[in-house]
Amino acid sequence: MDAFSADYCIFTTNVFAIYNTAGAKMQEKIIGMHSFSPVPSISLLEVIPLESTSDSIKAAKVKVGLKEGETCIEVLALVRDVVGLKDLDTAAKYFGMPVGPIDLIHNVDVWRRRELDGNNDSTRMTLEEIKSSFIH
């Protein structure tokens, strides 16, 4: 990817492919984005930075989301700095989301991450396992 990217490029991927970017040299320009489903009725965009993603790249992606009429969130920062896992899901559902972001991680992202790591265990992770896996 480095060989085909100009210096001004931002590499944006979905949550599934962001784990495949470890060999890239431009780590500060890599960011994930995830639109909640169904997209037409949920205007919620999760911005998923790597630890190495620069603040300017995060800001640029939030600006894109806002321009598209999305409410932009960074779930991991919310959980790490502001609110607990269960409270975050409860709040999302209270405001009309059919599923909370942590439940979404349960059902999609964690299983995909385990698959990429060679672990085909299909059981759901506990909230503590999610927290220790994603929050440093």
Side-chain angles (χ1 to χ4, degrees):
M1 126 174 108
D2 295 304
F4 301 102
S5 301
D7 289 339
Y8 57 84
C9 289
I10 298 173
F11 185 75
T12 305
T13 183
N14 63 23
V15 292
F16 301 125
I18 199 166
Y19 304 113
N20 296 328
T21 61
K25 294 177 185 171
M26 50 188 250
Q27 291 291 308
E28 74 283 354
K29 295 184 177 186
I30 297 172
I31 195 161
M33 295 183 83
H34 174 257
S35 294
F36 284 68
S37 296
V39 175
S41 54
I42 301 179
S43 298
L44 187 63
L45 179 67
E46 181 182 7
V47 177
I48 309 158
L50 298 173
E51 286 186 39
S52 56
T53 304
S54 73
D55 289 342
S56 64
I57 298 300
K58 290 181 213 176
K61 284 305 178 177
V62 168
K63 186 176 179 180
V64 167
L66 293 173
K67 189 174 182 178
E68 293 174 351
E70 302 283 348
T71 299
C72 299
I73 61 169
E74 188 181 333
V75 171
L76 299 180
L78 283 172
V79 171
R80 182 188 63 231
D81 301 335
V82 181
V83 67
L85 296 168
K86 287 182 181 180
D87 292 337
L88 182 61
D89 260 7
T90 300
K93 291 174 188 170
Y94 176 81
F95 285 104
M97 306 299 169
V99 64
I102 302 306
D103 198 37
L104 183 69
I105 290 171
H106 262 147
N107 291 309
V108 180
D109 194 35
V110 173
W111 290 338
R112 179 65 177 142
R113 186 171 188 186
R114 284 180 170 184
E115 181 181 304
L116 290 170
D117 291 340
N119 179 352
N120 293 323
D121 182 4
S122 63
T123 59
R124 289 171 55 108
M125 293 179 79
T126 66
L127 293 176
E128 285 306 312
E129 286 176 308
I130 291 175
K131 189 173 181 179
S132 66
S133 294
F134 288 93
I135 302 169
H136 307 289

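None of these values were measured; they are calculated from a predicted model.
A side-chain donor-acceptor contact under 3.5 Å links Thr53 to the backbone of Ile30. Glu46 contributes no side-chain N or O that, together with a main-chain N or O of Glu74, makes up a donor-acceptor pair within less than 3.5 Å.
Across Ser43 and Glu70, no two heavy atoms sit closer than the pair C-OE1, 2.9 Å. Among all heavy-atom pairs drawn from Gly65 and Cys72, the shortest one is CA-SG, 3.7 Å. The minimum heavy-atom distance linking Ile10 with Ile57 is given by the pair CG1-CD1, 3.5 Å. Minimum interatomic distance between Gly100 and Ala92 (heavy atoms only, all atoms of both residues): CA-CB, 4.0 Å.
The distance from the NZ atom of Lys93 to the CG atom of Leu88 is 10.5 Å, given to the nearest 0.5 Å. How far CG of Leu45 is from CE of Met33: 4.0 Å, rounded to the nearest 0.5 Å. Rounded to the nearest 0.5 angstrom, Glu28 CD and Phe11 CZ are separated by 13.5 Å. The CD1 atom of Ile31 lies 8.0 Å from the OG atom of Ser54; values are rounded to the nearest 0.5 Å.
The hydrophobic cluster around Tyr94 extends to Phe95, counting ILVMFWY residues whose side-chain heavy atoms fall within less than 4.5 Å of a member.
In this structure, Lys63 places its NZ atom where only 12 or fewer heavy-atom neighbours from other residues, nucleotides or ligands lie under 6.0 Å away.
Two different hydrophobic clusters hold Val47 and Val64 under the rule that ILVMFWY side chains link at heavy-atom gaps under 4.5 Å.
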